Amino acid sequence: MSQSSVTPVELQGRRIIIGLSGGIACYKVATVVSHLAQAGAEVTVVMTDAATRFVTPLTFQALSGRHTFTSQWEHVESQDPQHISLAREADLMLIAPCSMDMLAKLATGRTDDVVSLVASAIDLKRQPILLAPTMNEIMLNQPATRRNLAQLREDGFEIIEPGEGWQACRTIGVGRMAEPEEILDRIRDKISK
């Protein structure tokens with residue numbers, strides 16, 4: 001990605017929520033958060049418990065300069081339920097990595113973690129939610145996963161398709177999370193519309 005592909009003019013002052021679910025690809029999201037913050041976006045990170053096993057909340061707090069939420073019970077910035085105030089003010093939400101479990105939660109309306117809870121409070125008619133799935137190729141091709149992806153598209157979520165390549169399970173296949181540059185380009189495209 002060239003320096004000019006994400007400019008402060010496009011992202012300056014934009015409020016972006018980054019949600020992470022469990023997966024080794026969490027490390028790639030640090031690059032996304034860093035670039036967005038450097039471009040002047042106000043980035044708030046929310047993480048499932050599983051995501052905190054891969055990269056610590058402190059990493060994202062340092063990169064974003066803002067509190068990282070790991071529980072739906074945290075109230076830091078207001079007396080309103082945190083998920084409502086975060087969602088109301090967002091220009092866009094990205095969930096990356098978006099695990100098989102997170103896809104299932106979003107497709108069926110389950111909200112038992114801070115990421116799915118915040119996503120449930122986003123108005124998809126005015127605020128896009130981008131999903132960057134990542135999982136083993138066999139998991140990606142399970143009938144349940146294919147159904148969930150189809151349902152999420154129908155519901156208005158936008159999917160950043162996974163790529164093919166080396167995976168943490170020591171195989172090569174489709175299911176690798178999109179690279180940070182592609183994710184940043186998609187964010188820029190959605191923000192600039």
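Fair warning: this is a prediction, and the values are worked out from it, not measured in the lab. Here, residue 1 is the first one in the sequence, and each next residue gets the next number.
Nearest heavy-atom pair across Asp91 and Gly13 is OD2-O, 4.5 Å. Nearest approach of Arg14 to Ile191, heavy atoms of both residues: NH2-O, 3.4 Å. Residues Pro57 and Thr70 share a closest heavy-atom pair of CG-CG2, 3.5 Å. Of all non-hydrogen atoms in Gly23 and Pro97, the two that sit nearest each other are O-CG, 4.1 Å. Taking every heavy atom of both residues into account, Ser99 and Ser21 meet most closely at N-OG, 2.9 Å. Closest of all the heavy-atom pairs between Ala37 and Val43 is N-CG2, 4.0 Å.
Ion pair Asp185/Arg188 flagged as a salt bridge, since at least one NZ, NE, NH1 or NH2 atom sits closer than 4.0 Å to an Asp/Glu carboxylate oxygen.
Interatomic distance, Asp101 CG to Met135 CE, rounded to the nearest 0.5 Å: 10.0 Å. Between atom CZ of residue Phe157 and atom CG of residue Asn148 there is a gap of 11.0 Å, rounded to the nearest 0.5 Å. Atom CD1 in Ile160 sits 8.5 Å away from atom CE in Met177 (nearest 0.5 Å). A distance of 6.0 Å separates CD of Glu158 from CZ of Arg186, quoted to the nearest 0.5 Å. In this structure, Asp189 CG and Leu92 CG are separated by 11.0 Å, a value rounded to the nearest 0.5 Å. Between the CZ atom of Arg176 and the CG atom of Leu140 there is a distance of 14.5 Å, given to the nearest 0.5 Å.
Under a hydrophobic-cluster definition in which Ile, Leu, Val, Met, Phe, Trp and Tyr are linked whenever side-chain heavy atoms come within less than 4.5 Å, directly or via other members, Val29 and Tyr27 are assigned to the same cluster. Tracing side-chain contacts under 4.5 Å through hydrophobic residues (I, L, V, M, F, W, Y), one reaches Ile159 starting from Leu124; they form part of the same cluster.
Applying the salt bridge (charged side-chain N to carboxylate O under 4.0 Å, His left out) definition to pairs two or more places apart or across chains, those involving residues 29-51 are Arg15-Glu42, Glu42-Arg66, Asp49-Arg53. Note on residues 20-34: pairs passing salt bridge (charged side-chain N to carboxylate O under 4.0 Å, His left out), not counting sequence neighbours, are Lys28-Glu179. Residue pairs meeting the side-chain hydrogen bond (donor to acceptor under 3.5 Å, both in side chains) criterion with at least one member in residues 123-135: none, sequence neighbours excluded.
Evaluation of the side-chain hydrogen bond (donor to acceptor under 3.5 Å, both in side chains) rule for Asp155 yields Gln151 as partners, not counting sequence neighbours. Qualifying side-chain hydrogen bond (donor to acceptor under 3.5 Å, both in side chains) partners for Thr48, counting only residues two or more places apart in sequence or in other chains: none. Glu161 is linked by a salt bridge (charged side-chain N to carboxylate O under 4.0 Å, His left out) to Arg153, counting only residues two or more places apart in sequence or in another chain.
With a 4.5 Å cut-off on side-chain heavy atoms, Gln72 and Thr111 do not count as touching. Side-chain contact between Phe60 and Leu20 is present, with at least one heavy-atom pair separated by less than 4.5 Å. Asp113 places a side-chain heavy atom less than 4.5 Å from the side chain of Met102. Using a 4.5 Å heavy-atom cutoff, the side chains of Asn141 and Arg146 are in contact.
The main-chain N or O of Leu117 is found under 3.5 Å from a side-chain atom of Ser120 such that the two form a donor-acceptor pair. Checking side-chain atoms of Thr145 against main-chain N and O of Met139 turns up a donor-acceptor pair under 3.5 Å. Put simply, the side chain of Ser34 never gets that close to the backbone of Leu63: no donor and acceptor are under 3.5 Å apart.
Of the residues listed (Ile17, Ile122, Val114), the one engaging Leu86 in a side-chain contact (heavy atoms from CB on, under 4.5 Å) is Ile17, and it is the only one. For the side-chain contact (heavy atoms from CB on, under 4.5 Å) with Met93, the lone residue among Val115, Leu131, Ile16 that qualifies is Val115. A side-chain contact (heavy atoms from CB on, under 4.5 Å) with Ile18 is found for exactly one of Leu36, Thr44, Leu130, Ile95, namely Leu36.
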